[in-house]
Every structure is written in C-alpha cells, then in structure tokens.
Amino acid sequence: MSSFHDLALLNGSIVLPDKTVQTTLYLRDGLISAIGENAPTAHRAAQTLDCTGLTILPGVIDTQVHFREPGAENNETLESGSRAAVLGGVTGVFEMPNTTPPTTTLEALTDKLNRAHNRMWCDHAFYIGATAYNAEQCGQLETLKGAAGIKIFMGSSTGDLLVSDDLTLERVLRSGHRRIAVHAEDENRLQERRSYRVENDPASHPVWRDDQTALQATQRLLALARKIRRRVHILHVSTPEELALIAQYRDIATCEITPQHLTLNAEDAYVRLGTFAQMNPPIRSAAHRAALWQWIDQGLPDVIGSDHAPHSREAKAKPYPQSPSGMPGVQTLVPLMLNHVAHHRLSLRRFVDLTSSGPQRVFGLVRKGRISIGYDADLTIVDLKAQWTIDPQWLASRCGWSPFVGERLIGKPIGTFIRGHRVMWEGTLADHPIGQPFRFEATEKP
Ligand code: DOR
C-alpha cells in the first residue's frame, strides 16, 4: 500500500527505542506516519527535507521551567521562555507555579492557559502550587485540563509557596492521585542554619543549604508518601544520599536531575560566576557531581529538567544573600547534555530516556516521548558533531545571561518539530507559535 504523507525527512539517523537507523521518517497530520522505506504505508510525500548527517531524536520535554508570567515579565514571559525552549531543541515544558499571583486556583491556571494560547512556541502544562489553603482542593485542581499536577515547595525558595510541616504535607498528599512534584529542602533546618550564610560569599550557599537539608526533606516525604501510597517526583536531586534513598522507594518515587548539577561544581562555580551560580538546591562539590554521574548509570534519575529560573542581571548582581536563587537553562539543556554525550558521560539512548521517554513514563503524557508510528511528530533534530560556542546573541531568555556563555560544546540542536510543524530550523523560527497544552492519561478519557 502506498499513501501520501505531508513531509519526508530524508537520510537522518533516527533514534528509535531499540536502535538507531539511517532512513526516511514520514509525517502526516501532525503524527509520525511511517518509519523507513520498507514501511507498509511509505513512499510519497508533499515535501522533503534533507537530514543527511543529522540525528533525529524524540522531542525533548523539559519538565521544570519557571517562565515568570504573570508577575515578573521583565525576567521572562511565556512567549520568550518558550521561544528559548524551541531554539534549544525543546518541544514541550511544564511550567512552575511560583508566579505572581501563584498558580494555586482554577482561575490562575485558566489565566496561564489563556496567556499561553497563540503565544507559546512549544507544548506546555502548568503546575498547581500546593498551600495550606488549597490542600483539600488539590485533588480537584490536579485534574484540570492543562495541569501538569501539583507542586510542593517543602523549603522556601523564590516566591512564597511553602508546605513545610508534616501535617499540611499529609493533607496535600492525601488529596488526589497524580504524581506530585516536590522541591525537597527542609524548611526548619534552613531557618536554623541561616547564620551559615556569609555576607558576600555565595560559596556559603551550599554550606547553609547543606546535604542534610535536602536529605531530611526527602526522608520525610518518602516515608509519608509510602504510608499514604502516593506517588511523588523529587525535583532537582543534588546529593548521592538522596538518590540512594530514592532507590529504596521505587514503588512510589521518581526523580529529576538538572544539567547544572551535572555540569558545574562548587569549587569552580562560585569563584567564576559568584551569585550567578546560586540556585536551590545549591551547586555542590566536584565529588558530589562525580557521584551524581555514577547514579545516571544506575537508571536513576528518571528525567532531566532544566529548572530554568531566570532573574535579571541586576538582581543576581546583588551581594549574597540578597541575590535571588536560580539560573536560566531551558535553551542550554540539550546542548550541555549532548556535549556530555560527546564526552561519553552518558549514551545517546540514556539521554533520550531522560529527556523524552522518562517524562512520558513518569507523567503519563499522551502520544509523546517516542519515535513511533501514530505518536505526535515531536522531534529534536541535532548535529552530534557540530563544534560551537554559546554566544549571548543566541540566547532568547529575557534575563539576557547564562552561566554557560563562552562554553565550547560538541553537539547542537538544528531543528525542532512539534506535532509535525517545523517550529525552528538552524536558529530560525516559524512565522507564529503553535504550542498546545499537553494531554495526560490521568486527566483524559481515551
Ligand atoms: O534556584 C531556584 N530558583 N530554585 C527554585 O526552587 C526556584 C527557582 C526560582 O523560581 O527562581
């Protein structure tokens, strides 16, 4: 049988779940319609695109970004953040609730979805922030269309969302069924240790927010989650001790790691970047980083999220600890991780596991995360051999800086396809944004 496709991507190396094959990939009506010349329905397409020398990956999904709209549009907007995403090869994002106002109600979620419509360049979902005031509503709020689920801040960070005590934590965990994403730093310990912060010395940030601060919160969370039988997802894990603990809770727990924690180290970062390397949880020692890499080989963590958290240069340049925590990262996630692939720190297949199939598996995304017939034609097309340097001109985030400017890398995003649309090619964007809300198994009837 022959059939007519919208587009044939010719000669790319296509990363399938089991192997990489150099062949043709056909797209039709926003979906992957055939793989390879011998496919039962292959052969004719309205348009072709030569992908010789390029590698075609399933679309990269970044499950942790802060796009600051509404409330801090000087730092980022849903438009600028998602533009940075697609320029960096990211096809979808989950956006965090610590905006102003925070995303804690149906109205706030609807407002974000309305703002996203016709303005976001990539597919998206928005987290609902848990508080003591909406704890009992979380089970209802998490089922809303466009919601990524519930997010809990156990330790205070940017904004004032906070669920620091076990009683409120339990109320939130008991409300609803979806996997809950958690920033696990213990608020009591953070408060007790405030005196560890040294004026003007960002290197004291990981001393204040030490390993025990993260581990203690993760311990409390996992014990409670297993008692209640609630699935949790621990964001930006920064210590090997937490990973060893999570390994004992795989019935209920998944977790995320960031490119920053895998790339930067305290000994160098605070000297070279000062407060611009400040984030929560903090960048820790080179020994921590080496141990995190060992865990990557164990199949844990499940996903990589950028924790894209832009703040203006002026704010970041304030003396520590007045300086805010967070750095941008959605546009540099794919480049940094491809560079790690080039240096054999992880395989390309594990990269796909962490950035496409992992997010799909952990969050139950419909028709995403895999190059498979009938799935959404979301593709991150890369040149694994390209050698280049991150230039400030390339960056789209409104914050206008990145800790990785000047970094020489091997591996570059060349194209971003979302549901069959060519949204970015060689740094040039399509005419208009076409991002849509993600669909989740948990909130949709088949
Ligand atoms: O460093 C961080 N910045 N960690 C967070 O948890 C929040 C984020 C932000 O929103 O700035």
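When a ligand or atom number is given, it counts from 1 through the structure's own listing order.
The N98 neighbourhood of ligand 1 comprises atoms 9 (C), 10 (O), with distances under 4.0 Å to a heavy atom of that residue. Those atoms of ligand 1 that come under 4.0 Å of a heavy atom in A309, given as number and element, are 3 (N), 8 (C), 9 (C), 11 (O). Atoms of ligand 1 lying under 4.0 Å from any heavy atom of M279, numbered from 1 in the order shown and given with element: 1 (O). Near F153, meaning under 4.0 Å from any of its heavy atoms, are these atoms of ligand 1: 6 (O).
Among all protein heavy atoms, the one lying closest to atom 3 (N) of ligand 1 is S325 O, 3.0 Å. The protein heavy atom nearest to atom 4 (N) of ligand 1 is N280 O, 2.9 Å. Closest to atom 5 (C) of ligand 1 among all protein heavy atoms lies S157 OG, 3.0 Å. Protein heavy atom closest to atom 9 (C) of ligand 1, with residue, atom name and distance, is T158 OG1, 3.2 Å.
Figure legend: cation-pi geometry between R193 and W208 absent, as NZ or CZ is not positioned both under 6.0 Å from the six-membered ring centre and within 45° of its axis.
The only option from I434, T91, I418 that meets the side chain to side chain contact (heavy atoms under 4.5 Å, CB included) definition with V86 turns out to be I418.
Using a 3.5 Å distance cut-off with no hydrogens or angles, the side chains of E76 and H308 do pair a donor with an acceptor. Between the side chains of S204 and R197, not a single donor N or O lies within less than 3.5 Å of an accepting N or O.
Within the structure, the closest approach of H308 to ligand 1 does not fall below 4.0 Å when heavy atoms are considered. Every heavy atom of Q278 sits 4.0 Å or more from the atoms of ligand 1.
Counting heavy atoms under 4.0 Å from ligand 1, residue H183 touches it through the side chain alone. In H205, neither the side chain nor the backbone holds a heavy atom less than 4.0 Å from any atom of ligand 1.
Taking the centre of each ring, F94 and F363 come in below the 6.0 Å mark. For F404 and F276, the gap between ring centers reaches or exceeds 6.0 Å.
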The test is side-chain contact (heavy atoms from CB on, under 4.5 Å); show your working for M120 and F67 and say whether it passes. CA-CA 11 Å; M120 279 189 79; F67 282 171; 4.0 Å; yes

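Between E199 and K318, no side-chain nitrogen of the basic residue sits less than 4.0 Å from a carboxylate oxygen of the acidic one, so the salt-bridge criterion is not met.
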